[in-house]
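To find a chain, count down the sequence lines: A is the first, B the second, and so on, and within it residues start at 1. All heavy atoms count here, side chains included; hydrogens, waters and symmetry mates do not.
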2 protein chains.
Amino acid sequence: MEYKLDEIDLKILRMMQDNARINNAELARELGMAPSAVLERVKKLEQKEVLLAYYAKINPIALNQKMLSFIFIKVDEIIGDERTGRLLAEIPEVLEVHDIAGDDGYLIKVRTQDSLALVHLMRNSLSKIDGVISTRTIIVLQTVKEDNKIIVPVSLD
Amino acid sequence: MEYKLDEIDLKILRMMQDNARINNAELARELGMAPSAVLERVKKLEQKEVLLAYYAKINPIALNQKMLSFIFIKVDEIIGDERTGRLLAEIPEVLEVHDIAGDDGYLIKVRTQDSLALVHLMRNSLSKIDGVISTRTIIVLQTVKEDNKIIVPVSLD
DNA sequence: GGTGAAAGGGAGTAGAA
DNA sequence: TTCTACTCCCTTTCACC
């Protein structure tokens with residue numbers, strides 16, 4: 001999984017992160033390279049799992065997903081058992097599942113239509129998962145930023 | 001911002017969310033339509049802000065961003081003042097900023113190289129923001145899921 | 001690693017239904 | 001909104017450096 005990235009790779013990553021649908025010819029122009037060389041690099045970045053996926057960000061409102069919440073889930077399981085996390089990840093409304101330090105738990109990010117759908121999810125999905133002891137829900141009123149773009153340095157030295 | 005989506009639009013959204021780099025001809029083949037008609041629809045979905053952006057998901061480990069955390073930020077500000085949220089959003093390590101219900105605060109998602117960089121960020125960026133009263137940090141040990149794909153229904157009725 | 005040529009296919013526009 | 005037809009440009013491969 002270790003893979004040496006040079007400045008050109010980092011530029012590619014930066015452009016791809018900003019607009020995954022940029023075409024190869026445009027990338028090549030920005031880099032001052034032949035399209036074939038750039039294509040090679042992109043393929044290698046995918047193959048080496050540096051570029052993991054290309055997502056379209058859909059406006060949740062357009063699909064009636066008006067409610068966003070984070071839920072802390074306390075779990076009764078031996079450390080190292082990852083079953084609960086996998087079960088949580090299978091719920092379609094659950095966008096993120098993080099194993100967190102502290103009191104044996106998970107933090108999940110959930111998008112639902114409304115508060116009713118959230119309650120329904122908690123009653124019918126979450127609480128049915130073996131090992132879930134308790135939950136604490138954080139309601140999001142408004143999202144200011146949600147692009148998940150990580151920092152791409154100028155060089156890695 | 002209201003825009004009627006039909007089943008074809010929803011299929012496009014589903015395919016785009018799964019792979020933003022799918023090409024228009026492939027979309028058209030899957031839909032059994034002419035490429036020009038599909039292109040029209042995609043353009044309209046972008047224009048109507050249903051499709052908001054196309055992101056490449058980069059492996060954070062490849063860029064030495066080994067640490068993920070969530071931080072609750074308690075803020076002393078009148079309700080409706082959004083300055084603090086905007087300032088938080090400007091910090092490059094901050095991937096998400098959510099205005100949360102309850103005790104006048106924000107929940108932010110932060111990716112840094114390591115715990116030192118996190119402490120540095122908290123000392124030099126967070127605590128320098130006007131109105132920040134206190135913070136509570138949640139350390140992520142392991143991320144099980146992080147695709148942020150929302151549910152695209154079969155129809156919207 | 002990189003370039004450049006060549007073939008084949010896709011992107012995008014126009015006009016008609 | 002869709003299709004067909006058309007042009008132009010891009011993608012992709014391959015030989016070579």
Side-chain angles (χ1 to χ4, degrees), chain A residues 1-59 61-64 152-157, chain B residues 1-64 149 152-157:
Chain A
M1 242 224 50
E2 265 312 302
Y3 184 61
K4 277 256 179 285
L5 301 169
D6 65 12
E7 273 83 357
I8 299 174
D9 291 320
L10 295 174
K11 277 187 192 166
I12 292 173
L13 293 177
R14 222 173 288 125
M15 288 187 272
M16 285 288 220
Q17 184 167 239
D18 283 343
N19 173 20
R21 279 182 75 77
I22 188 172
N23 69 32
N24 190 62
E26 179 65 24
L27 276 175
R29 268 191 298 269
E30 298 270 356
L31 296 166
M33 289 170 69
S36 52
V38 176
L39 188 65
E40 271 293 304
R41 278 174 178 267
V42 173
K43 288 255 171 77
K44 199 164 277 177
L45 289 168
E46 292 171 347
Q47 184 213 315
K48 298 292 180 185
E49 292 179 67
V50 177
L51 281 169
L52 296 174
Y54 306 106
Y55 295 140
K57 186 182 180 187
I58 299 172
N59 188 337
I61 307 298
L63 296 181
N64 272 321
V152 181
V154 180
S155 78
L156 279 176
D157 316 295
Chain B
M1 244 226 46
E2 265 313 301
Y3 183 62
K4 278 255 179 286
L5 301 170
D6 64 13
E7 272 84 357
I8 299 174
D9 290 321
L10 295 174
K11 277 187 193 168
I12 292 173
L13 293 177
R14 221 172 289 122
M15 288 188 271
M16 285 289 221
Q17 183 167 239
D18 283 342
N19 173 21
R21 280 181 75 78
I22 188 171
N23 68 35
N24 188 63
E26 179 64 25
L27 276 176
R29 268 191 298 270
E30 298 269 355
L31 296 167
M33 289 170 68
S36 54
V38 176
L39 189 64
E40 273 292 305
R41 278 174 177 268
V42 172
K43 286 261 167 72
K44 200 165 275 178
L45 289 168
E46 291 170 349
Q47 184 213 314
K48 298 291 180 187
E49 292 179 68
V50 177
L51 280 168
L52 296 174
Y54 306 106
Y55 293 141
K57 186 182 179 187
I58 300 171
N59 188 337
I61 306 298
L63 296 182
N64 273 320
K149 287 192 212 169
V152 180
V154 180
S155 77
L156 279 176
D157 317 295

Review point. Which distance, rounded to the nearest 0.5 Å, do you find between the OH of B:Tyr3 and the NZ of B:Lys44?
Key: 5.0 Å
Practice item. With sequence neighbours left out, write down each residue that passes side chain to side chain contact (heavy atoms under 4.5 Å, CB included) with A:Lys11, or none if nothing qualifies. Key: A:Arg14, A:Met15, A:Leu31
Review point. Is any side-chain heavy atom of B:Met16 less than 4.5 Å from a side-chain heavy atom of B:Leu45?
Key: no
Exercise for review: Answer yes or no: is there a donor N or O on one side and an acceptor on the other, between the side chain of B:Arg21 and the main chain of B:Ala56, under 3.5 Å?
Suggested key: no
Check your understanding: So, for A:Asn59 and B:Leu52, which heavy atoms are closest and what is the spacing to 0.1 Å?
Key -> CA-CD1, 3.6 Å
Study note, to complete from the structure: Residues in residues 6-18 of chain A with a heavy atom under 4.0 Å of DNA chain C, by number, are none
Review point. Nearest heavy-atom pair of B:Leu63 and A:Pro153: which atoms, and what distance?
Key: CD2-CD, 4.3 Å
Point to revise | Nucleic acid footprint by protein, nucleotides 10-17 of chain C - heavy-atom cut-off 4.0 Å, B for base, S for sugar-phosphate alone | key: SSBB----
Exercise for review: Apply salt bridge (charged side-chain N to carboxylate O under 4.0 Å, His left out) to A:Arg41 and list each qualifying residue two or more places apart in sequence or on a separate chain.
Suggested key: A:Asp6, A:Asp9
Point to revise | 5' to 3' contact window, DNA chain D with chain B (heavy-atom distance under 4.0 Å) | key: D:dT1 to D:dT4
Practice item. Determine whether the side chains of B:Gln17 and A:Tyr54 contain a donor N or O and an acceptor N or O closer than 3.5 Å. Key: no
Exercise for review: Would you mind classifying the nucleic acid contact of B:Ala37 as base, sugar-phosphate or nothing, using non-hydrogen atoms under 4.0 angstrom?
Suggested key: sugar-phosphate
Point to revise | With B:Glu26 via salt bridge (charged side-chain N to carboxylate O under 4.0 Å, His left out) - residues at least two apart | key: B:Arg29
Point to revise | A:Leu13/A:Val50 under side chain to side chain contact (heavy atoms under 4.5 Å, CB included): CA gap, chis, key distance, verdict | key: CA-CA 9 Å; A:Leu13 293 177; A:Val50 177; 3.8 Å; yes
